[in-house]
Amino acid sequence: MSADQPFKSQFLKTMQERGYIHQITHPVELDEAASKGPITAYIGFDATASSLHVGHMIQIMMLRRLQQAGHKPIVLMGGGTTKVGDPTFKDTQRPLLTDEQIKANIDSMKVSFARFLTFGDGPTDAVMVDNADWLDKLGYVQFLRDYGVHFTINRMLTFDSVKLRLEREQPMTFLEFNYMLMQATDFLELERTHGCVLQMGGSDQWGNIINGVELIRRVDQKPSFGLTTPLLSTASGQKMGKTVGGAVWLNADMRSPYDYWQFWRNTEDADVGRFMKLFTDLSMEDIARYEAMQGADINEAKKVLANEATRMLHGEEAAHAAAEAARVAFEVGSVSGDMPTFEIAAADLEAGVVLAALATDAGLAASRGEARRLAQGGGLRVNDAAEADANRTITSADLVDGVVKLAAGKKKIVLVKPV
RNA sequence: GGGGGAAUGUCCCGAGUGGCAAAGGGGGGGGACUGUAAAUCCCCUGGCGUACGCCUUCGCAGGUUCGAGUCCUGCUUCCCCCA
């Protein structure tokens, strides 16, 4: 964990210099193991949504670094744990997902993983597993006898996740309390079936990861390791990952490559270097050059960051198109076909549509009232002209080059196209 | 089992005297300034309607009242104390 003694293994060296490491259970031993030969490591992902989002990127990138350094990554999908439902959000009882939904989610997420990892049967090829495969089969009594004996309540109560809850006098259910045991058995299972020796995750997972390490040591008398990443926030203290218009999904059908590019383009100055290290494959030397940029020049670095990040996820072509669309939109002030579009029946447009309704349907506002407020505040623009009256009708007379350009604020742009 | 508290604008925290679309934050959105950044300042933040307006909201279900987030009854969930 300390930066004082340099790591020997390529993997940890990279991890450290690029800023992925927050804590490691046994840094020296892990370094030793990783420098001797290929090791296997895993990260767990929930299957609650049909797409991963940028918040998952740091984890995905860790697995990528692992594979790049000649080791074997395992993607653990929480098919089993998702079935129970994450109890952390106790306020809103989230509707439980069906087996089919979970399966569909996993399939859908796999697409994104495949952009960053090479899957297959080779020694360093990534594999994907689903903890439903073993959690579903657990017998309660058997589970208690096999694993329950290795956990003391005394210790479990010392974990931050539990302690915080108790201090705030918030309820913690027994189910939730058992969660850490289930996660620990995941690690044990992977250690036995795949020879997995390392679990990685966000810093909030530290306690859970330790439990797994501990369990393996007690049950199988084998060493294993845990590594966590720092909590990612922007330089100004915001939680990383949100943007105008909600979650930044990785799947192209949920968030366009254009939006994804925009997300990275809007990175804060102070974060550019850090994000480049974490989210691109650029060399440390290149990054150092970009990091040195000052003032407005740093915008060039942001473009590079956006290009690289988008290229990895959506491919070279999509990245180019997104960059070009952005250039046209912001630097030329014109329109480009790669901007998000909203299709409307030509007949409807011919007849005329109330602007507030159109802006709402096109996704620029959540309701007509919001569109009205937006217009009154001067944030709604039609063909680049601010329009304070959201009640005016938009007709085919407003078409410019075959589209009506609607914008909410400076960055949310939608082209309305008659079909 | 007994006693005492709590649930508020469906993003979160949180004030609330019988007249309340309901204080104040945070978060979010927009504008100004800039560099598609940060910081700062200003505006907005339940839905529908062009509008006097209508509708829906304060755990759930009833009741008192011209009128209830506010009073009464029952229920649900959570917290604390006693057993």
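Sequence lines set the chain letters: A, B, ... in the order given, protein chains first and strands last, and positions in each chain run from 1.
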Please measure how far the [atom1] atom in [N] lies from the corresponding atom in [M], and state the result in whole Å.
| N | M | atom1 | result |
| --- | --- | --- | --- |
| B:rA22 | B:rC58 | P | 15 Å |
| B:rU17 | B:rU70 | C1' | 8 Å |
| B:rC80 | B:rC48 | C1' | 45 Å |
| B:rU57 | B:rG47 | P | 15 Å |
| B:rC43 | B:rG24 | P | 12 Å |

Under a 3.5 Å limit for both distances, which nucleotide forms a Watson-Crick or G-U wobble pair with [N], could you say?
| N | value |
| --- | --- |
| B:rC58 | none |
| B:rA32 | B:rU40 |
| B:rC52 | none |
| B:rU17 | none |

Remember a base hit wins even if backbone is also touched, and classify [X] as base, sugar-phosphate or nothing at under 4.0 Å, heavy atoms.
| X | value |
| --- | --- |
| A:Ala365 | nothing |
| A:Asn391 | sugar-phosphate |
| A:Ile298 | base |

*Check whether any side-chain N or O of A:Asn208 sits under 3.5 Å from a backbone N or O of A:Gln205 as a donor-acceptor pair, and report yes or no.*
no
Whole-Å distance separating the [atom1] atom of [X] from the [atom2] atom of [N]:
| X | N | atom1 | atom2 | value |
| --- | --- | --- | --- | --- |
| A:Gln376 | B:rU50 | CD | P | 13 Å |
| A:Leu355 | B:rU50 | CG | P | 12 Å |
| A:Asp297 | B:rA37 | CG | C1' | 13 Å |
| A:Phe275 | B:rA37 | CZ | P | 15 Å |
| A:Arg265 | B:rA38 | CZ | P | 11 Å |
| A:Glu387 | B:rG30 | CD | P | 18 Å |

*Can a donor-acceptor pair under 3.5 Å be found between the side-chain atoms of A:Asp269 and the base atoms of B:rG35?*
yes
*Is any side-chain N or O of A:Gln262 under 3.5 Å from a base N or O of B:rU36, one able to act as donor and the other as acceptor?*
yes
*Quick one: sort the A:Trp264 and A:Phe275 rings into parallel, tilted or perpendicular, breaks at 30° and 60°.*
perpendicular
*Answer yes or no for A:Lys410 and A:Phe330: cation-pi contact, defined as NZ/CZ to six-membered ring centre under 6.0 Å and angle to ring axis within 45°.*
no
*asked:* Assess, by modelled atom type and distance only, whether the side chains of A:Trp249 and A:Asp259 contain a donor and an acceptor separated by less than 3.5 Å.
replied: no
*asked:* Pairing donors with acceptors under 3.5 angstrom, does anything connect the side chains of A:Gln10 and A:Gln68?
replied: no
*Are A:Lys277 and A:Glu291 close enough for a salt bridge, meaning some N to O gap below 4.0 Å?*
yes
*asked:* Measuring from the side chain of A:Ala296 (C-beta onward, heavy atoms only), which nucleotide among B:rG35, B:rA32, B:rU36 has the closest atom?
replied: B:rG35
